[in-house]
Amino acid sequence: MTSATTRQTTQPPGRPQAAAKPVRWAADAVATLREGARLRLDYSAQSLWRVDRLIDDLRREDTPYAAVQTMLRGLGAYAGEVIVRQTGAEWWATGGDHWIRTPDGRLWDPVDEARRCFTGHGSLRLLCRDATGPARR
């Protein structure tokens, strides 16, 4: 097996290496919610309404952060993938952190935004709206 073949089996063609982990985190979250909560996510901006409500419900139920930490990471990565698919953005990684860089050069941290949602101070839907809209001056 050549290295090019190996890369294609572990990473979708044309995607930067930084996308490998968040793409997997997002897919895991989508599968978990589909099987466990019967919640279907389709990588649309509209689906982020359901994600925000889900995170809000977890917060209101006083779910311990440690119990949802991995799911929040996956939901943040899911929101990042929504932005990537809508704008042609790319995942960037540094020191274990993952960001989205939109074609206009702006950087976004959807994983941190999911954590902020859990504390009641963020919205993945609004992050997507801001990231996919024109830059404000």
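Computation of the quantities below employed the complete heavy-atom set of this structure, encompassing side-chain atoms and omitting hydrogens, waters and symmetry-equivalent molecules.
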Looking only at heavy atoms, which two atoms of Val111 and Ala77 are closest? And how far apart?
-> CG2-N, 4.0 Å
Please round to the nearest 0.5 Å and tell me the distance separating atom CG of Asp28 and atom CG of Leu33.
-> 11.0 Å
Closest non-hydrogen contact found for Ala45 with Cys128 is CB-SG, 4.0 Å
Separation between CG (Asp57) and CD (Glu61), nearest 0.5 Å, reads 6.0 Å
Ignoring hydrogens and geometry, is there a side-chain-to-backbone donor-acceptor pair from Arg115 to Arg73 under 3.5 Å?
-> no
His98 vs Trp91 aromatic rings, parallel, tilted or perpendicular, using cut-offs 30° and 60°?
-> perpendicular
Mind checking whether Leu72 and Tyr65 have side chains closer than 4.5 Å, heavy atoms only?
-> yes
Looking at Val23 and Glu81, what are the two nearest heavy atoms and their distance?
-> CG2-OE2, 3.5 Å
Could you tell me whether the side chain of Val82 reaches within less than 4.5 Å of the side chain of Ser44, counting heavy atoms only?
-> no
Distance col, row Arg101:CZ vs Glu90:CD, nearest 0.5 angstrom, shows 9.0 Å
Decide yes or no for Arg53 and Leu39: does some side-chain heavy atom of the first lie under 4.5 Å from some side-chain heavy atom of the second?
-> no
Hey, any chance Val68 and Leu48 share a hydrophobic cluster, counting ILVMFWY side chains that come within less than 4.5 Å of each other, even indirectly?
-> yes
Answer whether the closest heavy-atom distance between the side chains of Tyr78 and Leu124 falls below 4.5 Å.
-> no
Shortest non-hydrogen pair, Tyr43 vs Val30, comes out as OH-CG2, 3.7 Å
Check whether any side-chain heavy atom of Ile83 lies under 4.5 Å from a side-chain heavy atom of Leu127, and answer yes or no.
-> yes
Just wondering, do Met71 and Leu75 contact through their side chains at under 4.5 Å, heavy atoms?
-> yes
Between Trp49 and Arg125, what is the shortest heavy-atom contact and its length?
-> CE2-CD, 2.9 Å
Apply side-chain hydrogen bond (donor to acceptor under 3.5 Å, both in side chains) to Arg116 and list each qualifying residue two or more places apart in sequence or on a separate chain.
-> Glu113
Just wondering, do Leu41 and Val51 contact through their side chains at under 4.5 Å, heavy atoms?
-> yes
Whether Asp109 side chain and Trp99 backbone form a donor-acceptor pair below 3.5 Å | no
Which pair of non-hydrogen atoms, one from Gly80 and one from Ile100, has the smallest distance, and what is that distance?
-> O-CD1, 3.7 Å
Distance, nearest 0.5 Å, that separates CG of Asp97 from CG of Asp112 | 8.5 Å
Measuring from Cys117:SG to Leu58:CG, what's the distance to the nearest 0.5 Å?
-> 11.0 Å
Output all residues satisfying side-chain hydrogen bond (donor to acceptor under 3.5 Å, both in side chains) with Arg60, sequence neighbours left out; order by chain, then residue number.
-> Asp56
